[in-house]
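Computed from heavy atoms alone, side chains included, the values below leave out hydrogens, waters and symmetry copies. Since the structure is predicted, the reported quantities are computational estimates derived from the model, not experimental observations.
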Amino acid sequence: MNVMDRIEAALETALARGESPSGPPLLMQAMRHAVFPGGQRIRPRLCLSVAMACGDDMPQAADSAAAAIELLHCASLVHDDLPTFDNADTRRGKPTIHKAFNEPLAVLSGDALIVMAFQALAKGVTGAPDRLGRLVEIYSEAVGSPNGICAGQAWESESTIDLVEYQRAKTGALFAAATEAGAAAAGYDNAQWRVLGEALGEGYQIADDLRDIAADPEKLGKPVGQDAANGRPNAVAELGVDGAVDRLKRLITAAVDSVPECPGREPLRAAILEETGKFLPKNLARQAA
């Protein structure tokens, strides 16, 4: 089974656990709307890629970790799109949850997806309690305070925003968690994999800032110009287009160089270079070349 098939199967298993004739049907419909069909599944693919580079000796644990991080990411998108934040109409080329259903169901489905992520871990990593403990810790820190995605969103309510800390929490936290979780699921020391995730996370956020000013919204699957419209910090506003592109190139190099020693180190480095080459819209990719 290839990586994407493993991810989709693990997500389907997780969602199926939340279905019951006794439950409110619209909540599960909203949760499925948030998860399927997915986007690029970058974070779970990164998680599984690291696990496979480390030997992938417990595929069920790695699959559960990959599903969990995608559920956390989907939850963050549902909440991020709400009127109180971005007030976005579309996500992944279809109506956002609060548009397709309503605001209460958007809040509740996002909350339920967060809980479901930890349920996926609890059900899928039962045979290795030491790995389960590390995975729960990794994901808890990636979601909460002081440096998780909730903290990243909360920075937008501050009068003064540190761009690095804001982006490290809002986007980088789940990337760092993806690399750490992949290693932990395979029984490796997760701490030494954090640098890779942080570099990729910051690079992805800079690329997203560039896409926000340069991408076609129909191809992107969501509105553009949101940072300027909502007065949020943005790497392009701070560094300019050339500066942001240069910073992105340096982060990609740092990410490739940071991959720790493991059985699949060289294939993973090559995969990172290939994947990061897709970060930018074509017009800016030519500029970065």
Side-chain angles (χ1 to χ4, degrees), residues 1-7 9-11 14 40-73 76 117-144 147-149 168-169 171-205 251-276:
M1 188 181 297
N2 65 34
V3 166
M4 287 298 288
D5 287 342
R6 288 176 63 175
I7 293 167
L11 287 169
Q40 299 177 68
R41 308 291 199 208
I42 291 175
R43 294 153 192 81
R45 284 196 289 117
L46 180 59
C47 178
L48 280 187
S49 294
V50 170
M52 290 188 293
C54 292
D56 197 21
D57 67 332
M58 192 178 290
Q60 184 176 352
D63 291 351
S64 299
I69 201 161
E70 181 65 11
L71 292 170
L72 293 172
H73 175 57
S76 75
F118 289 96
Q119 182 186 37
L121 292 178
K123 295 288 188 181
V125 199
T126 54
D130 57 326
R131 300 187 193 189
L132 175 59
R134 278 186 286 159
L135 287 167
V136 169
E137 182 178 15
I138 289 165
Y139 286 158
S140 304
E141 292 178 354
V143 172
N147 301 308
I149 54 177
R168 181 175 293 152
T171 302
L174 285 188
F175 274 84
T179 54
E180 285 199 75
Y188 271 60
D189 176 16
N190 53 282
Q192 62 180 321
W193 287 87
R194 185 170 184 83
V195 174
L196 170 62
E198 288 179 337
L200 289 175
E202 185 180 350
Y204 184 84
Q205 182 59 59
L251 284 165
I252 291 171
T253 299
V256 172
D257 291 344
S258 76
V259 177
E261 288 296 332
C262 60
R265 184 171 189 257
E266 292 311 313
L268 179 59
R269 282 160 58 98
I272 290 169
L273 281 173
E274 180 180 359
E275 186 63 35
T276 52

Worksheet item: Atom OH in Tyr204, atom CD1 in Ile42: separation rounded to 0.5 Å?
Response: 4.0 Å
Response to the item:
In this structure, CG of Leu132 is separated from NZ of Lys123 (nearest 0.5 Å) by 12.0 Å
Item to complete: Take Val125 and Gln60 through the test side-chain contact (heavy atoms from CB on, under 4.5 Å) and record every step on the way to the result.
Response: CA-CA 7 Å; Val125 199; Gln60 184 176 352; over 6 Å; no
Item to complete: Begin with the C-alpha distance, continue with both residues' side-chain angles, and end with the deciding distance and a verdict on side-chain contact (heavy atoms from CB on, under 4.5 Å) for Thr171 and Glu202.
Response: CA-CA 7 Å; Thr171 302; Glu202 185 180 350; over 6 Å; no
Worksheet item: Do Glu275 and Arg45 meet the salt-bridge criterion of a basic N to acidic O distance under 4.0 Å?
Response: yes
Response to the item:
Heavy atoms of Gly148 and Ala169 approach each other most closely as O-CB, 3.4 Å
Discussion item. What I'd like to find out is whether the side chain of Leu11 reaches to under 4.5 Å of the side chain of Glu70, using heavy atoms alone.
Written reply: yes
Discussion item. Which heavy atom of Asp56 sits nearest to which heavy atom of Ala62, and what is that distance?
Written reply: OD1-CB, 3.6 Å
Practice prompt. Give the minimum heavy-atom separation between Asp257 and Arg265, together with the two atoms involved.
Written response: O-NH2, 3.8 Å
Practice prompt. Mind checking salt bridge (Lys or Arg N to Asp or Glu O under 4.0 Å) for Arg269 and listing every partner two or more places apart, or none if nothing turns up?
Written response: Glu266
Worksheet, complete the sentence: For Ala65 and Tyr139 the tightest heavy-atom approach is O-OH, 2.7 Å
Discussion item. Could you measure the distance from the CG atom of Leu200 to the CZ atom of Arg43? Nearest 0.5 Å is fine.
Written reply: 11.0 Å
Discussion item. Tell me if a side-chain donor or acceptor on Tyr188 pairs with a main-chain N or O of Trp193 at a distance below 3.5 Å.
Written reply: no
Discussion item. If the threshold is 4.0 Å, N to carboxylate O, is there a salt bridge linking Asp189 and Arg194?
Written reply: no
Worksheet, complete the sentence: side chain to side chain contact (heavy atoms under 4.5 Å, CB included) test vs Arg41 passes for just one of Ile7, Leu46, Val3, namely Ile7
Worksheet item: If you round to the nearest 0.5 Å, how far is OG of Ser49 from CD1 of Ile272?
Response: 8.0 Å
Practice prompt. Going by the side chain to side chain contact (heavy atoms under 4.5 Å, CB included) test, name the single residue among Ile138, Leu196, Val50 that passes it with Glu180.
Written response: Ile138
Fill in: Between SG on residue Cys262 and CG on residue Leu268, distance to nearest 0.5 Å
6.0 Å
Worksheet, complete the sentence: In short, Ile149 meets Leu174 closest at the heavy-atom pair CG2-CG, 3.9 Å
Practice prompt. Show your working on side-chain contact (heavy atoms from CB on, under 4.5 Å) between Leu72 and Phe118 and close with a plain yes or no.
Written response: CA-CA 9 Å; Leu72 293 172; Phe118 289 96; 4.3 Å; yes
Discussion item. Testing the basics here: between Asp57 and Ala185, what is the closest heavy-atom pair and its distance to 0.1 Å?
Written reply: OD1-O, 4.2 Å
Item to complete: Drop me the distance from Arg131's CZ to Met58's CE, to the nearest 0.5 angstrom.
Response: 4.0 Å
